Amino acid sequence: MLDKNSDPQNASALANRWQSIGDSIFSKMTKLASHHKAINLGQGAPDFYGPQKLLDAICTHMQTCHNQYSPAPGENYLCEQLALFIEQQTSVKYDPNTEITVTCGASEALFCTLNAFLSEGDKVILFEPAYDLYAQAIANTGAQIVPVQMDPPEANSEANEDKLWTINWESFEKACQQGFKCIIINTPHNPTGKVFTKNELKKIGYAAHKNKAIIISDEVYENLSFTDSRPYTSVASIPELRDITIRISSSAKLFGFTGLKIGWASAPEHLTKGIQLVHQSTVFCVNPALQLGLAECLADKEWLSQYLQTQQESYRKKRDILKTILKNAGFFLSACDGTFFLCANYKEIYKNTNSLEFSNFFVENSKIATIPFASFYLKPPTAFPWVRFAFCKSDETLLSVEKNLLKNG
Ligand SMILES: Cc1ncc(COP(=O)(O)O)c(C=O)c1O
């Protein structure tokens, strides 16, 4: 998942639980992209600005608000606006006073949640491929990951093109038999672009319910769901699951400013208490001007609804631009119903099936940075020629991918 050899000297001074963690693949590919003057489709950060209204609101609050510690769970006004926003997105009601925590990005919400509820030896079910932060945050708790595989469409015929990754239910049943304390769901899913259906969520969620386990549902890509027939559903909206679910989201993806680092966790009061206990011992609170600026934008319902609709449309268009370019270049693509990632199998254009080697080759020769799929697994499968491309880039950047492919092959 991470390069264990990146810092061999200091590794010996590290606590055991961090020994297996090194530089993240996202930082590494970004460095390589810069070194080779390549287009960075590795890291999922937009190369364009989010809404000016949000920047203006933040600047105003920076000049006028108290600029002192805010209440640890979050500014009251933001918690109120988040409760309304979450209800609008998911139909689930949360009490702004007792069921919402504002965090330093979804990353901190995940870290607090996992650290609040996992003890050494606990089992956590994680669908793989998986966003790599989960394994890093779990490493700190001493809990044990039980991976459940998701299978890609077979890249052996055009008929399979644009099919979704599927949950390997056999692998899921086996994982459940071991008993588990927690299960992590991520929908829309990074990296596969799958949006879990309501039936899939029910099947997974009911297994958690039966095991008296907690569900952590990472829904940061909630507004980036593109296929009307397979819409985004929040795990918490399934009535039996609301009270065992911690739902996590973030302004990073909603407003296209990954540097804003405001996330939130919504959960029933007894779970919220645990998250807030860890939150007060890590960052304690988030910058108040950022919180109030965000709250102001969420409160302007007419503006918000127009913004979210335009954002979704524009990302759908970006997905289609990159899809056409990569298909024409000979990649086999699985379907992307959500997120801003396309998954591509490269076996027809490059024979080496080690995805890290392909990514290194591709960034140097085609001047395009990708993320190798090996980084999304605890134990990467062998001969797995898949890479992830981020399309959260300007149309101009996406079109220059075609030029690079034509020029450099
Ligand atoms: C699935 C997923 N969860 C959480 C995060 C982290 O979000 P934030 O930037 O708000 O910490 C990311 C960022 O890429 C992500 O892809």
Side-chain angles (χ1 to χ4, degrees), residues 1-2 24-30 40-47 50 54 74 78 82 85-86 100-115 124 126-138 150 165 183-196 215-225 232 234-235 245-266 275 278-279 282-283 286-287 290-291 293-294 298 315 336-343 369-371 373 375-377 388-393:
M1 191 150 262
L2 291 153
S24 119
I25 187 71
F26 303 105
S27 314
K28 274 190 186 171
M29 289 315 296
T30 295
N40 190 357
L41 302 190
Q43 195 162 36
D47 65 352
L54 180 55
L78 179 58
L82 283 172
F85 177 64
I86 297 167
I100 290 184
T101 312
V102 178
T103 55
C104 184
S107 307
E108 199 232 332
L110 285 163
F111 187 88
C112 291
T113 301
L114 290 161
N115 278 274
V124 188
L126 179 66
F127 292 93
E128 281 190 333
Y131 175 54
D132 69 344
L133 186 78
Y134 306 133
Q136 296 164 39
I138 293 167
M150 291 168 72
W165 289 60
I183 187 161
I184 298 177
I185 301 175
N186 170 213
T187 184
H189 184 259
N190 173 11
T192 65
K194 178 183 173 72
V195 178
F196 286 63
I215 301 171
I216 299 174
S217 190
D218 179 342
E219 302 180 11
V220 296
Y221 297 97
E222 60 182 284
N223 192 50
L224 300 177
S225 147
Y232 151 74
S234 173
V235 177
T245 298
I246 295 155
R247 177 186 184 270
I248 289 170
S249 192
S250 165
S251 60
K253 319 295 168 182
L254 272 171
F255 292 105
F257 285 125
T258 55
L260 205 60
K261 294 306 283 183
I262 301 185
W264 49 90
S266 46
I275 300 165
V278 184
H279 172 68
T282 48
V283 302
V286 173
N287 179 303
L290 299 185
Q291 291 191 61
L294 176 62
L298 291 174
Y315 273 94
C336 167
D337 276 357
T339 72
F340 41 54
F341 304 115
L342 275 170
C343 298
T370 60
I371 299 294
F373 252 66
S375 349
F376 299 123
Y377 290 86
R388 188 195 81 175
F389 289 88
F391 57 83
C392 48
K393 308 293 166 179

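Just so it is clear, the model here is predicted, and its values are computed rather than measured. Each ligand, and each atom within it, is numbered from 1 in the order the structure gives. Residue numbers count from 1 along this sequence.
- Counting heavy atoms from C-beta on, the side chains of Val102 and Leu294 never come closer than 4.5 Å.
- Looking only at protein heavy atoms, the nearest one to atom 1 (C) of ligand 1 is Asp218 OD2, 3.3 Å.
- Among all non-hydrogen protein atoms, the one lying nearest atom 11 (O) of ligand 1 is Ser107 OG, 2.5 Å.
- Contact annotation: for Ala252 versus ligand 1, heavy atoms closer than 4.0 Å belong to the side chain alone.
- Of the heavy atoms in Lys253, only side-chain atoms (C-beta onward) come closer than 4.0 Å to ligand 1.
- Ring planes of Phe26 and Phe376: tilted class, angle from 30 to 60°.
- For a threshold of 3.5 Å applied to N or O pairs, the pair formed by Thr258 and ligand 1 contains no separation below that value.
- In this comparison of Lys261, Gln43, Glu219, Glu108, the heavy atom closest to atom 9 (O) of ligand 1 sits on Lys261.
- Listed by atom number, the atoms of ligand 1 under 4.0 Å from Ser250 heavy atoms are 8 (P), 10 (O).
- Set against the non-hydrogen atoms of Gly105, the atoms of ligand 1 under 4.0 Å away are 10 (O), 11 (O).
- Looking at every heavy atom in both residues, Thr192 comes nearest to Pro129 through CG2-CG, 3.6 Å.
- Contacts of Tyr134 with ligand 1, taken as heavy-atom pairs under 4.0 Å, involve the side chain alone.
- Among all non-hydrogen protein atoms, the one lying nearest atom 16 (O) of ligand 1 is Tyr221 OH, 2.7 Å.
- No side-chain heavy atom of Phe127 sits less than 4.5 Å from a side-chain heavy atom of Asn186.
- Scanning all protein heavy atoms for the shortest distance to atom 7 (O) of ligand 1 gives Ala106 CB, 3.5 Å.
- Here's the thing with Cys104: none of its N/O atoms is less than 3.5 angstrom from an N/O atom of ligand 1.
- For the pair Lys393 (side chain) and Asn40 (backbone), a donor-acceptor distance under 3.5 Å is present.
- Ring pair Phe85/Trp264 is perpendicular by interplanar angle, where above 60° counts as perpendicular and below 30° as parallel.
- Under the 4.5 Å side-chain criterion, counting only non-hydrogen atoms from C-beta, Leu290 is not in contact with Lys261.
- Taking the ring centroids of Trp165 and Phe373, they lie under the 6.0 Å cut-off.
- The proximity of Asn186 to ligand 1, defined as any non-hydrogen pair under 4.0 Å, is limited to the side chain.
- Within the 3.5 Å criterion, the main-chain N or O of Ala265 finds no donor-acceptor partner in the side chain of Arg247.
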